[in-house]
Engineer: 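First the structure, which I've put down as structure tokens, then a few questions once you've had a look.
If you read the sequence from its start, that first residue is 1, and numbering goes on from there.
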Amino acid sequence: MSKPTASNTLLLRRQLAELTKHPVEGFSAGLVDDDNLFEWEILIIGEGGFFKARLSFPPEFPLLPPKMRFITSMWHPNIYSDGTVCVSILHAPGDDQYGYEDAGERWMPVHTLVSVISLLSSDTPNLDSPANVDAAKEVRTDLAGYKKKVRRLVRKSAEEAYD
């Protein structure tokens with residue numbers, strides 16, 4: 001495993017400062033620990049809920065993507081049961097089959113979070129290669145039941161945000 005370098009630390013510091021200076025609607029970001037630029041605490045606000053997540057950057061960033069894991073309970077075909085997000089923007093180099101963006105562009109924190117917000121707000125989740133097979137199966141066989149479970153988790157997230 002590589003050690004963080006001055007350049008990737010500076011890059012993350014600049015990106016966090018930019019998000020602080022020019023917030024993007026739908027989420028907020030900050031450090032989990034002021035001494036560690038590689039662990040971000042994320043709050044996604046939308047769809048009636050408040051969803052807490054962690055964005056963890058590897059020492060090799062931006063050559064390797066960050067990992068995102070929801071702390072809030074989630075039920076979605078593209079989110080593993082442990083909260084880990086499975087979306088193409090978080091895949092390692094070579095996994096972007098369309099080649100529209102280079103790794104440095106794909107892994108900008110704001111792009112990552114906007115992609116995840118889009119994933120969560122889509123009426124039709126991507127079922128091609130689900131991270132949560134049970135959620136994907138429920139979308140296919142009982143869409144109303146799936147939406148009911150999601151609404152319940154959204155309400156729960158909103159209640160927990162005020163506790």
Engineer: Looking at every heavy atom in both Gly46 and Phe51, which two are closest together, and how far apart are they?
Structural biologist: O-CE1, 3.3 Å
Engineer: Taking only residues at least two apart or on different chains, which pairs with a member in residues 7-19 satisfy salt bridge (charged side-chain N to carboxylate O under 4.0 Å, His left out)?
Structural biologist: none
Engineer: Distance check, rounded to the nearest 0.5 Å: Thr72 atom OG1 versus Glu160 atom CD?
Structural biologist: 7.0 Å
Engineer: To the nearest 0.5 Å, how far apart are CZ in Phe57 and CD in Glu39?
Structural biologist: 9.0 Å
Engineer: Which heavy atom of Pro58 sits nearest to which heavy atom of Pro66, and what is that distance?
Structural biologist: CD-CA, 3.9 Å
Engineer: Mind checking the CD1-CG spacing from Ile42 to Leu19? Nearest 0.5 Å is all I need.
Structural biologist: 8.0 Å
Engineer: I want to check something: taking the side chain as every heavy atom from C-beta on, are Tyr146 and Thr141 in contact at a cut-off of under 4.5 Å?
Structural biologist: no
Engineer: Transitively linked via ILVMFWY side-chain contacts under 4.5 Å: Leu55 with Tyr80?
Structural biologist: no
Engineer: Once rounded to the nearest 0.5 Å, what's the spacing between atom OG of Ser56 and atom CG of Asn36?
Structural biologist: 8.5 Å
Engineer: Considering only heavy atoms from C-beta outward, does the side chain of Phe38 approach that of Thr9 to under 4.5 Å?
Structural biologist: yes
Engineer: Which distance, rounded to the nearest 0.5 Å, do you find between the CG of Asn78 and the CG of Leu119?
Structural biologist: 4.5 Å
Engineer: Side chains of residues 20-35: which donor-acceptor partners sit under 3.5 Å, not counting sequence neighbours?
Structural biologist:
residue: Thr20; atom: OG1; partner: Leu16; partner atom: O; Å: 2.8
residue: Asp33; atom: OD1; partner: Asp35; partner atom: N; Å: 3.0

Engineer: Are the side chain of Asn132 and the backbone of Trp75 linked by a donor-acceptor contact shorter than 3.5 Å?
Structural biologist: no
Engineer: Does any part of the side chain of Pro125, heavy atoms only, come nearer than 4.5 Å to the side chain of His76, both counted from C-beta?
Structural biologist: yes
Engineer: Please report the shortest heavy-atom distance between Thr84 and Arg69, naming the atom on each side.
Structural biologist: N-CG, 3.7 Å
Engineer: Distance check, rounded to the nearest 0.5 Å: Leu120 atom CG versus Met74 atom CE?
Structural biologist: 4.5 Å
Engineer: Show the numbers, then the answer: is there a side-chain contact (heavy atoms from CB on, under 4.5 Å) between Leu113 and Trp40?
Structural biologist: CA-CA 12 Å; Leu113 295 169; Trp40 291 19; 5.6 Å; no
Engineer: So, for Ser121 and Ile117, which heavy atoms are closest and what is the spacing to 0.1 Å?
Structural biologist: OG-O, 2.7 Å
Engineer: Tell me the closest heavy-atom pair linking Leu37 and Leu12, and the distance in Å.
Structural biologist: O-CD1, 3.7 Å
Engineer: Examine Met68 and Leu153 and state if one hydrophobic cluster contains both, with Ile, Leu, Val, Met, Phe, Trp and Tyr joined whenever side-chain heavy atoms are less than 4.5 Å apart.
Structural biologist: yes
Engineer: Please check if Leu143 and Leu127 belong to a single hydrophobic cluster, counting links between Ile, Leu, Val, Met, Phe, Trp and Tyr side chain heavy atoms closer than 4.5 Å.
Structural biologist: yes
Engineer: Got Glu41 and Arg54 here, is their nearest side-chain heavy-atom distance under 4.5 Å?
Structural biologist: yes
Engineer: Verify the cluster assignment for Leu64 and Leu10: are they in a single hydrophobic cluster under the rule of side-chain heavy atoms below 4.5 Å apart?
Structural biologist: no
Engineer: Considering all heavy atoms of both residues, which atom of Phe50 and which atom of Ala158 are nearest to each other, and what is their separation?
Structural biologist: CD1-CA, 3.8 Å
